[in-house]
Amino acid sequence: MCGIVGYVGEKQALQVVVEGLRRLEYRGYDSAGVAVVSQGLLDTRKKAGKLANLESLLGTDPLPASTIGIGHTRWATHGGPTDLNAHPHVSADGKVAVIHNGIIENFAELRAELALTGVTLSSETDTEVVAHLLAAVLPDAGMDLAEAMRRVCLRLAGAFTLVAVHADIPDVVVGARRNSPLVVGRGDGENFLASDVAAFIAHTRHAVELGQDQVVELTRDLINVTDFFGNAAEVTEYEVTWDAAAASKGGYETFMAKEIDEQPKAVSDTLIGRVNDEGVLHLDEMRLSENQLREIDKVVVIACGTAYHAGMVAKYALEHWTRVPCEVELASEFRYRDPVVGPRTLVVAISQSGETMDTLMAMRYAREQGARVLAICNTQGSTIPRESDAVLYTRAGPEVAVASTKAFLTQIVACYLVALYVAQVRGNKFGDEIAAVVRELAEMPRKIDLVLDTTEEMKALAQQLKDAPSVLFIGRHVGYPVALEGALKLKELAYMHAEGFAAGELKHGPIALLEEGVPVIVIVPSPGGRSLLHEKIVSNIQEVRARGARTIVIAEEGDDSVVPYADHLIRIPACPTLLQPLVATVPLQVFAAAMAEAKGHDVDQPRNLAKSVTVE
Ligand code: F6R
């Protein structure tokens with residue numbers, strides 16, 4: 001949510017900042033703006049709409065050369081996406097420029113206070129108050145921008161990342177964070193601030209994590225971090241393990257197409273080094289002792305959106321392999337319902353970004369109740385793993401397209417690893433049983449590759465169905481969360497009505513939606529092993545077909561029982577039902593992306609969405 005970039009160094013700041021914003025545009029894209037300081041003057045440009053609009057403006061109305069600058073892409077909270085509400089916001093004296101991610105909850109009170117001193121706000125944003133407050137405290141803070149920022153932060157309620165520059169302090173960028181992401185990039189004779197390392201990865205892979213309630217002062221040679229009271233703070237430095245190429249389109253039309261294709265590698269990278277040749281799991285990096293795992297009497301998974309669907313898949317595997325009861329809960333609901341969690345509960349927080357505010361707040365609540373929290377996360381150094389008792393990183397690499405794809409598959413794999421590890425530690429499964437599942441898991445990248453080789457039919461189907469008023473998805477067992485995920489992808493990318501249902505639930509109401517020609521996508525479990533499940537879904541296909549639905553059946557190779565009832569048959573490689581989401585989801589991702597393209601929508605940046613949702 002909102003992309004933030006700050007730069008001070010020797011290069012042309014505007015170029016560095018705009019390039020950084022381009023890499024962060026997935027975070028929000030309803031307006032963009034930049035500010036630079038040059039020869040004692042602060043200059044800003046901002047524009048509603050995507051970054052390209054700002055770039056055109058900069059073409060016709062250029063900014064002066066400067067080696068210090070800040071930039072922002074916005075996802076609107078307070079005030080519509082207009083030129084005026086775009087960041088940076090500037091103080092009444094024209095000296096301070098501020099960019100912000102988050103929500104300042106006491107802004108109405110601060111605005112009223114500013115009004116008493118004769119300051120009227122020119123935008124509808126909560127952010128603007130910070131620019132005026134900084135200008136007001138600066139003389140008293142000895143014209144020390146970091147000190148002014150500390151004083152202002154102590155007055156703010158809510159979540160914020162703030163970055164500011166001042167016309168009279170031309171070599172300093174100051175940042176602050178509370179409950180909202182901000183990372184420092186340490187360069188050679190230059191330093192960076194950004195919401196995400198992607199913004200500066202082309203310049204440096206040395207990153208500095210900022211903690212909660214910290215202020216950072218940056219010059220080209222110095223990074224000084226304190227808490228809000230001015231006490232020096234300890235920081236953690238790390239090397240980013242991927243490079244700029246990983247976060248570029250690499251010849252693909254869209255990031256999403258690239259990320260769908262990267263799934264075999266993402267899955268195999270997530271498995272690497274976590275299982276030995278005998279199929280014994282080693283998750284030492286997870287930081288949970290075997291005793292702690294033996295003590296748990298319940299697992300609660302908390303997550304949002306696609307990550308929540310990964311959690312739903314995990315529940316089937318976890319309960320089956322470990323016999324430990326597992327609940328899966330939307331993070332945004334969790335802490336508001338007085339959930340039963342305690343010291344013997346293992347809470348698993350799943351998050352690609354590691355910054356989702358709903359998930360962060362839910363896990364903080366769980367920790368307050370004494371629960372242990374294990375994060376499954378894709379973003380090193382992000383807040384959720386930092387605040388968790390334990391972490392298992394997915395290794396999907398940077399996911400730039402707003403719609404999650406490769407992160408989903410790796411979240412499922414990470415959950416499986418945790419479940420199998422718990423089963424191993426608690427002795428719920430024999431070693432050879434675990435080794436057999438691990439062998440099946442190791443086969444999955446190859447099987448996903450096979451699915452990727454046969455996506456043409458799904459793409460053609462999207463062309464045919466692009467004007468359908470609605471698409472329904474049904475599945476049973478792990479096919480149910482896959483159905484939900486397929487529907488979510490279609491909603492967010494193609495902006496069309498799509499619903500996922502547990503196939504058995506259809507007859508309890510939703511079947512009334514069916515009429516002639518309504519496309520129903522059915523995820524059919526493997527006919528091997530759980531044949532009862534398979535039989536039931538074959539009946540469900542017949543039920544929907546009997547009511548005129550157009551059936552699109554996703555079934556494994558060799559499953560001929562579905563042939564008579566499938567208007568379109570999409571084949572996936574055979575694999576145990578529990579692992580099937582890793583292949584069955586892929587055609588649905590391709591379908592949604594192709595549908596969005598067929599309708600002329602932006603696949604990577606769907607309307608109203610942002611990649612990292614840092615407000616509740
Ligand atoms: C959907 C999507 C979202 C995210 C959700 C959680 O394609 O990307 O539903 O899955 O916002 O995000 P993370 O995993 O970053 O916590």
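Predicted, not measured: the structure shown is a model, and the values here were computed from it. Counting starts at 1 for both ligands and their atoms, in listed order.
Distances shorter than 4.0 angstrom occur between a heavy atom of Val402 and an atom of ligand 1.
At the shortest separation from atom 5 (C) of ligand 1 among protein heavy atoms lies Cys304 O, 3.5 Å. Looking only at protein heavy atoms, the nearest one to atom 2 (C) of ligand 1 is Thr306 OG1, 3.7 Å. Atom 11 (O) of ligand 1 has as its closest protein heavy atom Val613 CG2, 4.1 Å. The closest protein non-hydrogen atom to atom 7 (O) of ligand 1 is Glu492 OE2, 2.6 Å. Nearest protein heavy-atom neighbour of atom 15 (O) of ligand 1: Ser353 OG, 2.7 Å. The single protein non-hydrogen atom nearest to atom 13 (P) of ligand 1 is Thr356 OG1, 3.2 Å, given as residue, atom name and distance. Shortest contact from atom 14 (O) of ligand 1 to any protein heavy atom: Gln352 N, 2.6 Å.
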- Worked verdict on Asn85 versus Thr125 for side chain to side chain donor-acceptor pair (under 3.5 Å): CA-CA 6 Å; Asn85 288 335; Thr125 66; 5.3 Å; no
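Contacts of Lys489 with ligand 1, taken as heavy-atom pairs under 4.0 Å, involve the side chain alone.
Note that OG1 of Thr577 and CD1 of Ile523 are 12.5 Å apart. Values are rounded to the nearest 0.5 Å.
Residues in residues 452-472 take part in no ring-ring contact (aromatic ring centres under 6.0 Å, His included) pair, two or more places apart or across chains.
Applying the side chain to side chain donor-acceptor pair (under 3.5 Å) test between Thr383 and each of Gln212, Glu355, Arg364 identifies Glu355 as the sole match. Test Lys406, Lys611, Lys258 against Glu399 for salt bridge (charged side-chain N to carboxylate O under 4.0 Å, His left out) and you get one pass: Lys611.
Between Thr359 and ligand 1, no N or O atom pair is found at a separation short of 3.5 Å. The shortest N or O to N or O distance between Lys611 and ligand 1 is not under 3.5 Å.
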May I have the list of side-chain donor-acceptor pairs in residues 482-495 shorter than 3.5 Å, sequence neighbours left out?
| residue | atom | partner | partner atom | Å |
| --- | --- | --- | --- | --- |
| Glu485 | OE1 | Thr306 | OG1 | 3.0 |
| Glu485 | OE1 | His309 | ND1 | 2.9 |
| Glu485 | OE2 | Thr306 | OG1 | 3.2 |
| Glu485 | OE2 | Lys489 | NZ | 2.6 |
| Lys489 | NZ | Thr306 | OG1 | 3.0 |
| Lys489 | NZ | Ser404 | O | 2.9 |
| Lys489 | NZ | Glu492 | OE2 | 3.3 |
| Lys491 | NZ | Ala498 | O | 3.4 |
| Tyr495 | OH | Arg607 | N | 2.9 |

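When all heavy atoms of Met312 and Tyr480 are compared, the closest pair comes out as CE-CE2, 3.6 Å.
Lys50 has no carboxylate O lying under 4.0 Å from a charged side-chain N of Glu25, or vice versa, which leaves the two without a salt bridge. Between Arg22 and Glu19 there is no salt bridge, since no side-chain N of the basic residue sits under 4.0 Å from a carboxylate O of the acidic one.
Remark: ligand 1 atoms within the under-4.0 Å shell around heavy atoms of Ala307 are 10 (O), 14 (O). Ligand-side atoms of ligand 1 in range of Gly305: 9 (O), range being under 4.0 angstrom from any heavy atom. Residue Ser351 approaches ligand 1 through these ligand atoms, each under 4.0 Å from one of its heavy atoms: 13 (P), 14 (O), 15 (O), 16 (O).
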